Amino acid sequence: MPRPERPAPTGPERPAGPGSGAPIRPTPDPGEPLLQIVDLTLRFGGVTALDRVSFDIRRGEILGLIGPNGAGKTTCFNAITGVCPPTAGTIRFRGTSLGRRKKHQITRLGIARTFQNIRLFPEMTALENVMVGADAHHRTSVPGAIFRLSPRHFAEERVCRAIAMEMLDRVGITERAHQIARNLPYGDQRRLEIARALATRPALLCLDEPAAGSNPAEKASLLELIRSLRDSGYTILLIDHDMKLVMGVTDRIVVLEFGRKIAEGLPAEIRENPAVVAAYLGVPDGSA
Amino acid sequence: MTGFVDRLRLADEQRAAFAAWPRRWWAGLPRPVRLGALVAFAAFLVALPILQPPVLTTTGTDFTGVLFTVGVYCLCALGLNIVVGLAGLLDLGYIGFFAVGAYSVAVFGSPQSKLATEYPWLVCIPIAIAISMVSGAILGGPTLRLRGDYLAIVTLGFGEIVRLTAVNSEVLGAAAGIPEVPRPPGERADGTRLFTIVDVTPFYWLVLALIFLVVLAGANLERSRVGRAWVAIREDEDVAQLMGVPTFRFKLWAFAMGAAVGGLSGALFASRQTFINPESFPVQTSLMFLAAVVIGGAGNKFGVVLGAVIVAYLPERLRSIDDGLLVVWYVSLVLGLATYLLLRRRGPRDGPRTYLRLGVVAGILAALPPLLLAMPEVFGSRGEIGQLRYLMFGLALIVMSVFRPQGLIPSRRRAIELEDRAKEVEPGATS
Amino acid sequence: MALLEITDLSVHYGRVRAVHEVSLTVAEGEIVTLIGANGAGKTTTMRALSGLQPVSSGRIHFDGEDITHLRADLRVIRGISQAPEGRGIFPGMSVRDNLDMGAYARRDRHLTRAADLERVFTLFPRLKERSRQAGGTLSGGEQQMLTIGRALMARPRLLLLDEPSMGLAPMLIGQIFEILQEINEQGTTILLVEQNAHRALSVADRAYILETGSIVATGTGSALLDDPSVRAAYLGVA
């Protein structure tokens with residue numbers, strides 16, 4: 001009878017530490033670059049959105065990407081996930097260039113993302129939303145599903161559902177599984193986006209302003225969630241304007257301004273960096 | 001902190017639960033009763049041509065012929081529902097696939113065809129389905145990169161291209177068409193053929209069986225990775241792709257599956273007609289198929305079947321109706337609509353304007369028939385009241401699209417399945 | 001006399017009550033803020049004020065006139081302008097055209113347009129750089145600036161702002177609130193909805209706190225800032 005083609009999903013109780021989590025392949029050497037961005041340039045018409053940006057994301061770290069509005073942060077996400085192909089420069093993931101791969105192929109390689117302005121499948125339930133993500137690595141198509149003849153179909157359905165439920169549990173919204181995404185409270189929609197991204201079994205998780213529009217309590221629990229994800233082996237690239245979150249959770253920070261990298265370093269260094277203070281942080285203020 | 005949204009969701013669920021009450025009532029019945037009812041309903045459908053029930057029967061047109069046409073429409077609505085309802089691709093040229101299926105059977109099976117292959121019917125049908133699928137893929141290949149309006153225009157063109165190709169191609173019989181399209185095999189006990197021009201009943205039974213098969217296959221697809229991918233594409237194509245859905249491939253599949261069902265339907269139509277020519281496939285028919293999907297409720301199989309029944313059966317029934325019955329129908333339609341609107345619209349937001357609007361709609365509806373009857377020079381004598389049927393049908397469409405744009409049986413599968421599936425969730429499995 | 005006076009306002013979505021008998025006033029020249037959790041009814045109240053959401057009961061008076069059932073476009077002519085949450089910009093139009101749309105309802109727009117544009121561009125130099133670009137190509141934060149700029153173009157008497165700081169860089173958040181105070185001093189009355197309660201209370205003359213559709217507290221900005229229960233619930237400080 002049907003046999004699962006890949007290892008059953010690991011539960012949230014799996015041991016902590018880099019490499020033990022969701023990545024499909026074990027991570028051999030923590031600290032080595034997972035994603036390398038080299039001289040990335042992106043131009044739309046006459047506008048240069050990114051200008052020779054280079055940085056690495058190391059396995060198992062949380063890298064913060066900050067900068068003023070319009071500095072090119074989301075464009076950088078778009079380049080990594082294949083939404084906007086680079087004008088020049090290369091992006092290497094696990095040592096191989098992404099080249100001109102399609103969006104869904106990049107997802108299958110192990111890069112997943114969330115969106116600044118929430119983009120769920122509004123009429124699907126939370127569970128179905130996550131199942132779409134979990135389907136990324138499955139192969140059943142029309143011939144296998146139409147008369148339910150293929151054993152792979154059943155195996156994949158089971159794995160898909162199990163992964164989806166696990167990821168909903170992971171972000172703490174299991175009780176929302178059968179509600180339509182459109183009707184979820186704002187904070188849960190943000191979490192559902194993360195669950196859907198996690199279900200694609202990424203090695204690199206890109207979060208685009210996950211805290212936007214959240215209140216202090218929601219932000220605090222989000223910070224916990226991001227930390228726990230890092231602890232179970234995901235590498236995370238995080239964009240946010242909330243400095244409490246960014247400074248509290250990231251291992252390193254890259255700062256962009258006008259499409260150029262103006263600084264890179266540990267959170268403490270970035271906080272003191274005069275260029276960053278002038279361009280982005282402004283006068284220190286406890287409220288943000 | 002979860003005040004309002006929770007209440008909104010609750011109301012949504014209550015509404016879904018209310019909409020789902022027939023289904024809940026149904027699920028609450030004991031299994032043997034349900035099974036019995038299903039068998040009885042199936043038997044009723046099968047026996048319709050023999051029973052010729054008094055109210056349902058069309059006088060003036062062959063009732064069984066009408067039933068067959070309705071069945072063909074149901075098949076088309078089911079196929080188009082995959083494309084429009086699930087994958088969200090607006091296809092205005094569905095008649096093209098229907099024609100491809102019909103012509104495939106005619107060209108490969110008819111002794112009068114220039115090809116002169118004279119394949120038997122059972123060989124022709126798979127060929128027709130395959131050619132339709134390929135034509136769907138050929139149309140989809142270059143056009144599925146387009147979105148929304150552009151796709152609709154290109155598909156509209158496709159429907160016309162197929163018809164014009166037939167008009168101008170000698171192999172396809174040109175304007176004269178192709179006669180002697182093969183019929184399904186099978187004999188009665190006395191040795192005469194089962195499928196004849198005279199008796200449509202076997203054709204009706206055949207189409208009934210195929211509808212059953214297509215519903216089953218459609219349900220399987222809907223509940224699989226394929227169905228999820230289609231709905232995800234409908235909801236947000238870019239995000240679907242970013243979540244790993246190969247969108248182009250699945251859109252192509254949606255087109256091919258839709259085309260296959262349309263082709264099958266066309267093949268049946270051609271076998272029943274035994275003669276086809278380009279005039280059998282006017283572009284307007286595409287819009288009737290689309291109307292069936294939209295009226296019934298895009299995305300819901302049972303909805304679109306109901307829509308097809310309304311679109312194909314109602315005009316035929318109205319054609320042969322006498323004045324008295326028409327008045328009864330009309331009054332009950334107006335009353336039903338008014339009752340529904342009054343029940344549904346009772347909310348705190350209702351002001352005098354709502355009632356004014358309702359009054360105007362009811363007034364127009366009530367005033368229309370006498371007005372039309374008073375103008376015999378426009379609509380002919382009272383005896384030709386059937387002429388009004390398309391007008392009334394159009395009116396019903398407008399009313400529908402204003403008051404119930406989601407269709408008669410909207411796609412609420414998720415909300416409806418809620419109760420069944422809630423059992424699967426581990427209670428207390430959350431933080 | 002109050003410029004804006006809301007009495008017992010209730011709003012329903014279908015049968016669900018989103019806002020329940022809310023009464024509040026905004027006097028000419030004030031900055032008033034509305035704070036509360038997600039889903040408390042803040043955005044719904046704003047939509048009711050701008051005329052996008054029908055009201056079930058209650059009254060809205062603007063400058064002494066009952067505008068409860070007035071169409072949204074006519075409210076703009078009366079002087080109420082909203083910068084909606086979620087960046088409702090026109091993506092296919094250039095930044096400049098987007099801004100011009102803000103002044104659409106003004107009959108004297110040809111007289112004031114140049115000066116108003118200049119003012120918006122001074123406030124947001126970023127928009128000036130991108131004035132020929134299509135609105136949809138702007139980054140999220142830039143779209144936010146555009147929304148605020150467009151609302152200013154209407155030269156409103158009452159400016160409704162829904163989460164102006166959302167998605168903006170820390171430095172810009174500071175600037176936005178400075179700008180708000182500046183245009184307030186120039187005579188624009190402001191009603192502000194904010195998730196960043198600390199900032200909002202710091203600039204506001206008065207504030208209302210909404211919970212599940214009802215007002216649960218009100219007071220001056222500074223008084224609420226010092227209120228321990230408010231601090232715990234909305235400022236994230238124990």
Side-chain angles (χ1 to χ4, degrees), chain A residues 81-83 102-108 112-113 115 119-125 127-129 131-133 135-142 144-148 153 156-157 160-161 165 168-169 172-180 182-188 196-197 199-200 215 217-218, chain B residues 1-6 8-13 16 213 216-218 220-229 231-236 238-250 253-254 256-257 299 411-415 417-422 424-431:
Chain A
T81 51
V83 177
K102 296 246 166 52
K103 287 173 259 186
H104 68 266
Q105 293 167 327
I106 292 176
T107 305
R108 285 183 200 187
R113 70 174 287 181
F115 301 87
R119 289 176 77 176
L120 292 163
F121 305 120
E123 291 294 326
M124 297 172 101
T125 63
L127 181 67
E128 283 172 329
N129 264 280
M131 282 173 85
V132 170
D135 274 332
H137 294 279
H138 293 162
R139 288 185 297 152
T140 304
S141 188
V142 172
I146 189 162
F147 292 118
R148 325 199 105 206
H153 169 65
E156 288 186 350
E157 282 294 301
C160 178
R161 187 167 274 252
M165 283 313 287
L168 286 176
D169 183 52
I173 54 171
T174 316
E175 77 277 19
R176 303 279 187 196
H178 299 293
Q179 290 172 13
I180 292 177
R182 177 168 48 83
N183 293 344
L184 296 186
Y186 185 87
D188 286 354
R196 184 178 63 179
T200 65
N215 57 33
E218 288 168 336
Chain B
M1 60 153 277
T2 52
F4 161 61
V5 182
D6 260 13
L8 191 66
R9 176 182 52 73
L10 202 73
D12 223 48
E13 276 169 18
L213 261 181
L216 205 71
N220 284 343
L221 287 180
E222 234 179 293
R223 276 177 301 157
S224 73
R225 171 175 187 249
V226 182
R228 285 191 294 272
V231 176
I233 290 169
R234 181 187 76 196
E235 305 272 283
D236 191 330
D238 294 323
V239 177
Q241 208 171 4
L242 281 166
M243 291 306 133
V245 177
T247 48
F248 182 70
R249 189 188 306 162
F250 276 112
W253 266 120
M257 292 318 294
S411 171
R412 276 224 178 262
R413 66 189 172 100
R414 307 144 213 112
E417 283 176 12
L418 200 100
E419 288 180 285
D420 309 335
R421 288 212 252 152
E424 293 170 32
V425 194
E426 300 270 322
T430 71
S431 50

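Labels below follow one simple rule: chain letters A, B, ... track the order of the sequence lines, proteins then strands, and each chain is numbered from 1. Note that the structure is predicted; figures quoted are calculated from it, not measured.
Within the 4.5 angstrom heavy-atom criterion, atoms from both the backbone and the side chain of B/A240 approach chain A.
Contact check for A/F121 versus B/V239: side-chain heavy atoms found under the 4.5 Å cut-off. By the 4.5 Å heavy-atom criterion applied to side chains, A/D135 and B/V245 are not counted as neighbours. A/I146 has its side chain within reach of B/M257: a pair of non-hydrogen atoms, C-beta onward, lies under 4.5 Å apart. Contact annotation: the side chain of B/R228 approaches that of A/C160 to within less than 4.5 Å [non-hydrogen atoms, C-beta and beyond]. By the 4.5 Å heavy-atom criterion applied to side chains, B/D238 and A/V83 are not counted as neighbours. Counting heavy atoms from C-beta on, the side chains of B/R234 and A/M124 never come closer than 4.5 Å. You'll find the side chain of B/P246 stays beyond 4.5 Å of the side chain of A/K103, heavy atoms only.
Here A/S141 pairs with B/W253 under the side chain to side chain donor-acceptor pair (under 3.5 Å) rule; sequence neighbours left out.
In terms of heavy-atom pairs under 4.5 angstrom with chain A, the leader among B/T247, B/V226, B/L216, B/L242 is B/L242. Ranked by heavy-atom pairs shorter than 4.5 Å toward chain B, the options A/P122, A/A199, A/G133 are led by A/P122.
We find the CZ-CZ distance between A/R139 and B/R225 to be 9.5 Å, quoted to the nearest 0.5 Å. Note that CG of B/L221 is 8.5 Å distant from CZ of A/F147, once rounded to the nearest 0.5 Å. With values rounded to the nearest 0.5 angstrom, A/H104 atom NE2 is found 9.5 Å from B/F250 atom CZ.
Under a 3.5 Å cut-off, the side chain of A/R196 and the backbone N or O of B/M243 do not form any donor-acceptor pair.
Salt-bridge annotation for A/R119 and B/E235: absent, with no side-chain N of the basic residue lying under 4.0 Å from a carboxylate O of the acidic one.
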